[in-house]
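These notes are about the structure you will find just below.
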Amino acid sequence: MTKRTPLTVHQKHHPSDYEAILQAERNRRGGLWRVLQRGFWGLLAIAVLVASLQTAEVSVKEFWAGLPRMGEWLTRLWPPDFSEFPSFLTATWETLAIAIVGTGAAIMVAVPLAILVARNITPLPLLATPLRFVLNLLRGIDTAIFALFFVSIVGLGPFAGVLGVAFHTTGSMAKLYGEVLETIPPEPIEAIEATGTDRIRTFAFAVLPEAMPGLIGISLYLWEFNVRSSVILGIVGAGGIGYELLVSLKLLDFPRLATILILILAMVSLIDALSAYLRKRLA
């Protein structure tokens, strides 16, 4: 059996041993620092959540006390009142038209803007940054706020809703279009440019075919979103079925409200199904 020789003070450690010890100590201190950082951010998140709950005046007690009233209202929704069904259909089509025209206008404006902000194909790189700021501004203002603003300019009616949808959607659509264009592989573009062609032909034959599925998918998704958001525009005076919804709520006319909700649910469900089907065909 081999006898181990005990270490003595005269034995020397290899320099790598000291480096390993120092690294272990640094790792230990770094790990402690990371734990403290995570604890700080966790406590900060809890504090922000508690402050938000207090500011928002969230009260489970009040909600629980109001549940019987909600149950009473739900029972009063049945049976629906279909006496105004033809006028409700007209208002529903108006809501759908707002989404269609507003989204179509946004597409026409968003395509050139996306070309200008896409870093890989923009002909004016100096304009890309300020244009991105403008797009973020458009995205940051909700459709209903835009519609309320345009109601004061063009008056009550669906045209204000179209403008609200178009302005907000242009910001979102141009940003998403630009991101799709930036993900295009450079090889097709370089191959077309090597032939000496101009920018328009390069975009038509190299960029557009690669980006088209993504662009169409984004357009369908935002159109689907705009159909739902256009329902709310009637509340700010921009026409559509949302106005009838507001009237029913103010009058507490629950049978009338039930008919409107059925129409909205049917419209949104059909649009969702159609959009999903078209996106699946493009995949």
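If you're wondering where the values come from, they're calculated on a predicted model, not measured in any experiment.
- Here the CD1 atom belonging to Ile232 is positioned 12.0 Å from the CD1 atom belonging to Ile241, to the nearest 0.5 angstrom.
- In this structure the side chain of Leu233 reaches within 4.5 angstrom of the side chain of Ser230, judged on heavy atoms.
- The shortest side-chain heavy-atom distance between Asn136 and Arg139 falls under the 4.5 Å cut-off.
- In this model, no donor atom of one side chain and acceptor atom of the other lie less than 3.5 Å apart for Asp253 and Ser248.
- Transitive grouping of hydrophobic side chains (ILVMFWY, heavy atoms separated by less than 4.5 Å) keeps Leu261 and Leu270 in distinct clusters.
- Judged by distance alone, the side chain of His168 and the main-chain N or O of Ile141 form a donor-acceptor pair under 3.5 Å.
- Here the side chain of Ser269 pairs no donor or acceptor atom with the backbone of Ala266 at under 3.5 angstrom.
- You'll find the side chain of Ser219 reaches within 4.5 Å of the side chain of Tyr177, heavy atoms only.
- Side-chain contact between Leu113 and Lys175 is absent, with no heavy atoms from C-beta onward closer than 4.5 Å.
- Paired with Ile98 under the rule side chain to side chain contact (heavy atoms under 4.5 Å, CB included), one option of Val162, Thr143, Leu163 passes, and it is Val162.
- Minimum heavy-atom separation, Ala110 to Ala174: CB-N, 3.7 Å.
- One distance of note links OG of Ser87 with CD of Glu244; it measures 6.0 Å at 0.5 Å rounding.
- With a 4.5 Å cut-off on side-chain heavy atoms, Met173 and Val111 do not count as touching.
- A chain of hydrophobic side-chain contacts below 4.5 Å, direct or via other Ile, Leu, Val, Met, Phe, Trp or Tyr residues, connects Leu274 to Ile100.
- The same ILVMFWY cluster, assembled from side-chain heavy atoms under 4.5 Å apart, contains both Leu222 and Ile115.
- Phe150 and Phe159 fall within the same hydrophobic cluster, where Ile, Leu, Val, Met, Phe, Trp and Tyr residues are linked whenever their side-chain heavy atoms come under 4.5 Å apart, directly or through other members.
- Annotation for Ala147 and Gly161: closest pair CB-CA, 4.5 Å, computed over non-hydrogen atoms.
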Exercise. Between Leu135 and Val117, is a side-chain contact (heavy atoms from CB on, under 4.5 Å) present by the stated rule, with each step listed?
Worked result: CA-CA 10 Å; Leu135 296 180; Val117 300; 4.0 Å; yes
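- In Tyr243, the OH atom is not crowded: 12 or fewer heavy atoms of neighbouring residues, nucleotides or ligands sit closer than 6.0 Å.
- In this structure, the ring of Phe149 has its center no less than 6.0 angstrom from the ring center of Phe167.
- Here the shortest heavy-atom pairing between Ala166 and Ala106 reads O-CB, 3.8 Å.
- Scanning both residues, Pro79 and Pro255, for their nearest heavy atoms gives O-CB, 3.4 Å.
- Across Gly240 and Thr95, no two heavy atoms sit closer than the pair CA-OG1, 3.2 Å.
- Panel note: side chain Arg228, backbone Val268; no donor-acceptor pair is recorded below 3.5 Å.
- A heavy-atom distance below 4.5 Å is found between the side chains of Met267 and Val227.
- Panel note: side chain Ser172, backbone Thr169; no donor-acceptor pair is recorded below 3.5 Å.
- Among residues two or more places apart in sequence or in another chain, the ring-ring contact (aromatic ring centres under 6.0 Å, His included) test is passed with Phe82 by Phe85.
- Counting heavy atoms from C-beta outward, Leu176 and Tyr221 have side chains that stay 4.5 Å or more apart.
- Of all the heavy atoms in Gly171 and Leu138, the pair that sits closest is CA-CB, 3.8 Å.
- Here the CG-OG1 distance, from Asn226 to Thr103, works out to 4.0 Å after rounding to the nearest 0.5 Å.
- Not one N or O on the side chain of Thr55 forms a donor-acceptor pair closer than 3.5 Å with the backbone of Ser52.
- Under a hydrophobic clustering in which Ile, Leu, Val, Met, Phe, Trp and Tyr are joined whenever their side-chain heavy atoms come within less than 4.5 Å, directly or via other members, Leu127 and Val109 fall into the same cluster.
- Under the 4.5 Å side-chain criterion, counting only non-hydrogen atoms from C-beta, Asp272 is in contact with Glu224.
- Between Ile271 atom CD1 and Leu96 atom CG the span is 5.0 Å, to the nearest 0.5 Å.
- How far CD of Glu179 is from CD1 of Ile218: 7.5 Å, rounded to the nearest 0.5 Å.
- Pairs engaging residues 251-279 under the ring-ring contact (aromatic ring centres under 6.0 Å, His included) rule: Trp73-Phe254 [sequence neighbours left out].
- Between the CG atom in Leu131 and the CG atom in Leu116 there is a gap of 6.0 Å [rounded to 0.5 Å].
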